[in-house]
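Here is the structure we will look at.
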Amino acid sequence: MLNLFASLLFASAFISPSGNVVIEGDSGEWVFADHQALEGLTLTLLIRPGESLASWREMLSVMDVHVEGSPRFLANHMRDNLLANCPQTTWEFHRESEEDVLYEFRSAGCRGTVSGVEEHEIGRITRGPSGSVRIAYAAKPEMTSEVRSRWLNLLGSEVGTAQGFPIRNLGGAIAQPSSPVSEAPTAERQIARWLQEATDALKQQEDLLAELDRLGQAAQADARAYSGEIPKGAGLRTIGLYRGRGDGSPGEATTEFKTTDTLIWAILPVGNLPVNAKVEILWYYEGGEAGGEQLIRRLDVPWDPLADTVRGFLSFSQPYTGRYRVEIHVNGEKVGVGRFTIQ
């Protein structure tokens with residue numbers, strides 16, 4: 001994504017004796033947290049050792065984007081999408097041309113109830129081998145002046161040419177993509193869809209672009225209406241399943257989906273949980289066109305102590321037909337299960 005990192009990391013990113021990734025010019029090590037291949041992009045996430053996707057303080061994210069649109073076009077759409085979801089965000093372009101964008105933002109008050117900076121990001125978008133490439137360093141809640149200067153220098157350097165982010169190729173350290181790569185869309189009308197899918201994949205564990213928070217109180221009311229409140233201790237509960245609407249919100253309740261349904265919501269009231277509760281949503285393919293049972297997606301869901309409902313969704317462009325199962329676990333214990341088919 002940036003001319004700097006494409007060349008710098010080819011030469012200067014290496015595996016430490018501990019097996020973690022080290023980047024020259026940065027302090028500390030990185031570990032791979034996730035790698036996904038979605039429609040129109042591939043996404044790689046790295047975090048510091050000892051942190052998790054559900055609770056991190058520093059994140060390095062890389063996206064190879066395979067849709068039409070210049071780096072400036074993509075950056076402006078990203079900014080507009082961010083400001084629409086988090087209007088108190090401050091955004092600044094340090095470099096802005098058609099082919100090279102260096103930006104910085106501080107996000108605050110996405111829910112309308114949080115004051116101060118929640119997340120601070122510096123990123124760059126340039127041309128890569130098959131489209132635009134973006135690399136970003138993010139910190140919670142805010143970077144120190146020393147860290148900010150370091151990453152502005154790293155991401156703003158003019159070293160080498162953008163050949164894609166090489167770090168995912170080091171020593172085979174990263175796992176296989178969590179979803180299959182599909183044919184790249186070619187029309188600009190795909191940009192809006194890419195933006196939503198990209199931000200969902202990148203920030204689904206945080207408050208920055210949380211689509212669920214954008215739904216707000218209406219989504220919680222819908223969840224209670226769909227599933228009903230079930231007292232804690234009543235045994236394993238049935239997860240409500242809903243077909244996604246065009247705006248991304250949960251719609252019709254059903255357990256029989258079609259291959260044209262590319263968004264499936266899972267909703268389960270759980271009552272009050274501890275602030276540090278570990279909540280996971282696991283999606284399984286039980287059998288059918290693609291073979292036998294396999295875990296296709298595991299999501300860590302940051303728990304909002306003001307909420308009483310677990311919500312998550314599964315999205316894909318070309319789902320396999322067959323039987324599926326979704327489970328919700330709280331602190332390692334399965335509390336809900338839902339089953340559905342796609343035909």
Side-chain angles (χ1 to χ4, degrees), residues 36 38 53-54 178-180 197 200-201 204-205 210-213 215-273 277-304 307-343:
Q36 298 185 21
L38 306 170
L53 285 177
S178 56
S179 56
E197 194 165 16
D200 283 344
Q204 55 190 291
Q205 285 83 24
E211 186 68 10
L212 301 183
D213 288 336
L215 297 175
Q217 295 299 320
Q220 292 192 26
D222 284 345
R224 287 190 290 269
Y226 290 139
S227 300
E229 295 288 352
I230 301 176
K232 289 177 70 74
L236 201 62
R237 287 163 264 182
T238 300
I239 299 172
L241 296 161
Y242 309 96
R243 181 175 286 116
R245 297 190 182 105
D247 64 359
S249 63
E252 174 193 7
T254 184
T255 57
E256 298 179 356
F257 295 88
K258 302 177 182 179
T259 55
T260 53
D261 295 322
T262 57
L263 189 66
I264 298 174
W265 280 87
I267 301 175
L268 179 68
V270 295
N272 295 326
L273 296 177
K278 177 178 175 58
V279 180
E280 295 178 300
I281 302 180
L282 290 77
W283 298 87
Y284 293 89
Y285 182 80
E286 291 192 327
E289 175 187 5
E293 180 167 312
Q294 54 185 297
L295 176 66
I296 57 175
R297 188 67 56 84
R298 177 193 298 269
L299 299 176
D300 292 324
V301 181
W303 180 246
D304 178 0
D308 59 3
T309 302
V310 175
R311 304 178 303 276
F313 58 82
L314 179 68
S315 63
F316 31 36
S317 57
Q318 295 178 329
Y320 288 111
T321 60
R323 303 180 307 279
Y324 291 77
R325 180 176 81 255
V326 58
E327 298 177 357
I328 291 177
H329 293 206
V330 176
N331 294 330
E333 179 181 355
K334 182 166 60 177
V335 298
V337 63
R339 287 183 167 86
F340 60 98
T341 60
I342 296 180
Q343 300 295 335

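Computed over heavy atoms, backbone and side chain alike; hydrogens, waters and symmetry mates excluded. Position 1 is the first residue of the sequence, and the numbers go up from there.
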message: If you compare all heavy atoms of Ile281 against all heavy atoms of Gly312, which two are closest, and at what distance to 0.1 Å?
response: CD1-CA, 3.7 Å
- prompt: Would you say Thr254 and Leu241 make side-chain contact, with heavy atoms under 4.5 Å?
  reply: no
field: Check: Lys278 main-chain N/O paired with Asn331 side-chain donor or acceptor under 3.5 Å
entry: yes
- prompt: Do Ile342 and Tyr324 touch side chain to side chain, with heavy atoms closer than 4.5 Å?
  reply: yes
task: Start with the C-alpha gap between Leu263 and Tyr242, add the side-chain angles, then the distance that decides, and say whether side-chain contact (heavy atoms from CB on, under 4.5 Å) holds.
output: CA-CA 9 Å; Leu263 189 66; Tyr242 309 96; over 6 Å; no
- request: Start with the C-alpha distance between Val337 and Thr238, add both sets of side-chain angles, then the distance that settles side-chain contact (heavy atoms from CB on, under 4.5 Å), and finish with yes or no.
  value: CA-CA 5 Å; Val337 63; Thr238 300; 5.9 Å; no
Could you tabulate the donor-acceptor pairs under 3.5 Å formed by side-chain atoms of residues 282-289, not counting sequence neighbours?
unit_1	atom_1	unit_2	atom_2	d
Tyr285	OH	Gly288	N	3.4
Tyr285	OH	Glu289	N	2.8
Tyr285	OH	Ala290	N	2.9
Tyr285	OH	Thr321	O	2.6
Glu286	OE2	Arg325	NH1	2.7
Glu286	OE2	Arg339	NE	3.4
Glu289	OE1	Thr321	N	2.9
Glu289	OE1	Thr321	OG1	3.0

field: Any Val335 side-chain heavy atom under 4.5 Å of Arg237 side chain
entry: yes
- request: Any chance you could lay out the side-chain contact (heavy atoms from CB on, under 4.5 Å) test for Leu236 and Lys334, step after step, and finish with the verdict?
  value: CA-CA 7 Å; Leu236 201 62; Lys334 182 166 60 177; 3.8 Å; yes
task: May I ask you to test the Ile328-Ile239 pair for a side-chain heavy-atom distance under 4.5 Å?
output: yes
task: Measure the spacing between CZ of Phe340 and CG of Asp261 and express it to the nearest 0.5 Å.
output: 10.5 Å
- prompt: When you look at Leu314 and Leu299, which way does the side-chain contact (heavy atoms from CB on, under 4.5 Å) test go after all the steps?
  reply: CA-CA 10 Å; Leu314 179 68; Leu299 299 176; over 6 Å; no
query: Should Arg311 and Trp265 count as side-chain neighbours, where that means a heavy-atom distance under 4.5 Å?
result: yes
query: Are there more than 12 heavy atoms of other residues, nucleotides or ligands under 6.0 Å from atom CD of Glu333?
result: no
Flag side-chain contact, heavy atom, 4.5 Å: Thr262 against Phe257: no
query: Just wondering, do Thr309 and Pro269 contact through their side chains at under 4.5 Å, heavy atoms?
result: yes
Any residue meeting salt bridge (Lys or Arg N to Asp or Glu O under 4.0 Å) with Lys258, in chain and number order, not counting sequence neighbours: none
message: Could you check whether any side-chain heavy atom of His329 comes within less than 4.5 Å of a side-chain heavy atom of Val279, counting everything from C-beta outward?
response: no
